[in-house]
Structures are given as C-alpha cells and as structure tokens.
Amino acid sequence: MNRTVAAVLAVLCFGLVLVPSFFAPEHLSPSDLSLRYATPGGLPPFGADSMGRPLLEYAMQGSQVIALPSVLAGLIVMFMAVLGGLLACTQSHRLEAFSRGVGELLGALPRMVVVLIVALLMPADSRSLYPIAITWALLAAPGAMDEASAVASRLGGARFVEALRAHGFSRTRIYLWHIIGLNLRPVVVRQGVETLMQVVFLEIALSYLAVQDTQPSFTHGD
C-alpha cells in the first residue's frame with residue numbers, strides 16, 4: 001500500500017476514536033422502552049440497548065475513557081524507544097548499562113499484577129485510566145527500548161555517528177534524520193501503536209472484570 005494512503009487511513013481511524021471523546025455526554029439518555037433493541041435503521045447509527053438508549057452514547061463515552069490515556073501511553077513508549085536507540089549510538093557504556101539494568105528490572109515485573117494493584121489503589125471517587133495506562137507504558141517501555149537499541153546497533157552505533165560526522169553532517173541531522181527518521185521510525189511507530197491498542201484492550205478487560213464481579217469500574221467513574 002502507498003504510504004500516503006496508509007497514513008490517511010491511519011489518521012481517519014485515529015480521528016474516529018479521538019473526536020467522539022470530546023462530544024461524549026456525561027449521562028446516558030433517559031430510557032425509552034419503545035426503542036428497546038432498536039436496529040441501526042430504527043435508531044442510527046448503531047441502534048439501542050435493552051432500555052432504548054442509543055448505543056452511540058455508549059461508544060462516545062467509551063471513546064472519552066480510552067482515547068487520551070491510550071495516546072499518552074503510546075507517546076511514552078515511543079519516547080522511550082527513541083531514547084533506547086539513541087543510547088546505543090553513544091559511547092557512554094555506564095549510561096547504557098544503567099538503562100539496561102532498569103529495563104530488565106521493569107521487564108521482570110508481572111504486568112497484569114502490577115496494573116491490578118494500581119487499579120485497586122486508586123481512590124473510588126477519582127478513578128481514571130491515566131494511572132493504569134502510564135503504568136502499562138512504563139512496563140512495556142523496556143521491550144521497545146531493546147528493539148530500538150538493536151536496530152541502532154546494527155547500524156554501527158557510535159561508529160555510524162562518527163562516520164557521518166566525518167562526512168560533514170551535523171549531529172542534529174544525524175540523530176533526528178538519519179537515525180530516528182530513517183531507521184528507528186518503523187520500530188518507534190509500531191511500538192507506540194501496539195501500546196495504544198494494548199491499553200484499549202486492557203480497559204475492556206478491566207471493565208469486563210468489574211462487571212462480572214458487580215464492582216465499580218476500575219478505569220472511570222460510574
């Protein structure tokens with residue numbers, strides 16, 4: 001697929017998730033039993049639930065819950081992936097070893113257990129997906145950093161930077177264009193999007209868990 005077409009489709013899909021979040025109603029519409037289980041044709045665009053309330057309002061509220069936290073989580077992972085790739089292009093072995101040690105420590109933690117602990121520790125009157133999304137992003141960051149570091153190492157790391165410096169390129173162009181733009185970009189974008197989607201499905205799983213146990217939601221106020 002042409003990259004331009006792919007980018008336009010990605011922006012449209014992203015807009016379908018993000019834009020409705022700004023118009024989500026605080027409360028669902030009153031019940032209208034005459035519209036129970038209405039089809040999309042009877043109540044566009046998605047129909048109605050068992051109480052005759054539009055499913056569109058559910059979708060908009062869901063978008064409000066997940067949109068910004070999931071985007072923030074993706075951006076955190078993208079930033080950490082870039083950082084991991086750039087560290088592999090430096091000659092600071094101590095900094096690289098420290099980063100690897102912290103990454104191994106975070107990577108060894110059981111993600112779901114940590115996320116559930118964070119969800120349970122949040123005050124019941126101010127629950128949000130933000131702490132959970134940030135926690136998931138920090139736990140996912142070591143994997144993204146390792147992959148970006150491997151890509152930078154295959155380029156030659158610090159030797160690649162010095163070779164381009166010898167050809168007269170500035171450090172800004174080397175790091176921003178040659179390393180991040182041309183080589184790390186596919187890894188960074190994929191890792192960010194994967195984390196975004198993981199947070200979305202994580203919210204779905206936590207909400208399902210709360211409903212099954214008839215508990216208040218872990219990720220948003222009722």
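Computed over heavy atoms, backbone and side chain alike; hydrogens, waters and symmetry mates excluded.
A donor-acceptor contact closer than 3.5 angstrom links the side chains of Ser207 and Glu203.
In this structure, Leu35 and Arg53 have side chains that are not in contact, with every pair of non-hydrogen atoms separated by 4.5 Å or more. Looking at Cys89 and Phe160, their side chains never come closer than 4.5 Å, going by heavy atoms from C-beta outward. A 4.5 Å side-chain heavy-atom check between Leu18 and Leu68 finds at least one atom pair inside the cut-off. At a threshold of 4.5 Å between non-hydrogen side-chain atoms, the residues Val115 and Leu206 count as touching.
Side-chain atoms of Ser149 never come within 3.5 Å of backbone atoms of Met145 as a donor-acceptor pair (strictly under, hydrogens ignored). At least one donor-acceptor pair under 3.5 Å links the side chain of Asn183 to the backbone N or O of His178. Without hydrogens or angle criteria, Thr195 side chain to Gln191 main chain gives a donor-acceptor distance under 3.5 Å. Of the possible polar contacts, one joining the Gln61 side chain to the Pro25 backbone as a donor-acceptor pair under 3.5 Å is found. A distance-only check finds no donor-acceptor pair linking the side chain of Ser31 to the backbone of Leu33 [under 3.5 Å]. The closest donor-acceptor contact from the side chain of Arg36 to the backbone of Gly52 lies at 3.5 Å or more, if one exists at all. The backbone N or O of Gly181 lies less than 3.5 Å from a partner atom in the side chain of Arg185, making a donor-acceptor pair.
Phe46 is linked by a ring pair (Phe, Tyr, Trp, His ring centres under 6.0 Å) to nothing, counting only residues two or more places apart in sequence or in another chain. Considering only residues two or more places apart in sequence or on other chains, Arg127 meets the salt bridge (Lys or Arg N to Asp or Glu O under 4.0 Å) condition with none of them. Annotation: salt bridge (Lys or Arg N to Asp or Glu O under 4.0 Å) contacts of Glu147 (sequence neighbours excluded): Arg190.
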Apply side-chain contact (heavy atoms from CB on, under 4.5 Å) to Ile179 and Val161, showing your working. CA-CA 9 Å; Ile179 296 178; Val161 174; 3.8 Å; yes
side-chain contact (heavy atoms from CB on, under 4.5 Å), that's the test. Do Ile180 and Val188 meet it? Break it down for me. CA-CA 9 Å; Ile180 298 176; Val188 171; 5.7 Å; no
Could you walk me through whether Leu87 and Arg100 satisfy the side-chain contact (heavy atoms from CB on, under 4.5 Å) test, starting with their C-alpha distance in whole Å, then the side-chain angles of each, then the deciding distance to 0.1 Å, before giving a yes or no? CA-CA 10 Å; Leu87 285 176; Arg100 190 175 300 277; over 6 Å; no
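By the neighbour-count criterion of 12 heavy atoms within 6.0 Å, atom CZ of Phe79 is sparsely surrounded, having that number or fewer from other residues, nucleotides or ligands.
The cluster map of Ile, Leu, Val, Met, Phe, Trp and Tyr, joined by side-chain heavy atoms under 4.5 Å apart, puts Leu182 and Leu86 in different clusters.
The structure places CD1 of Ile134 at 12.0 Å from CG of Leu139, a figure rounded to the nearest 0.5 Å.
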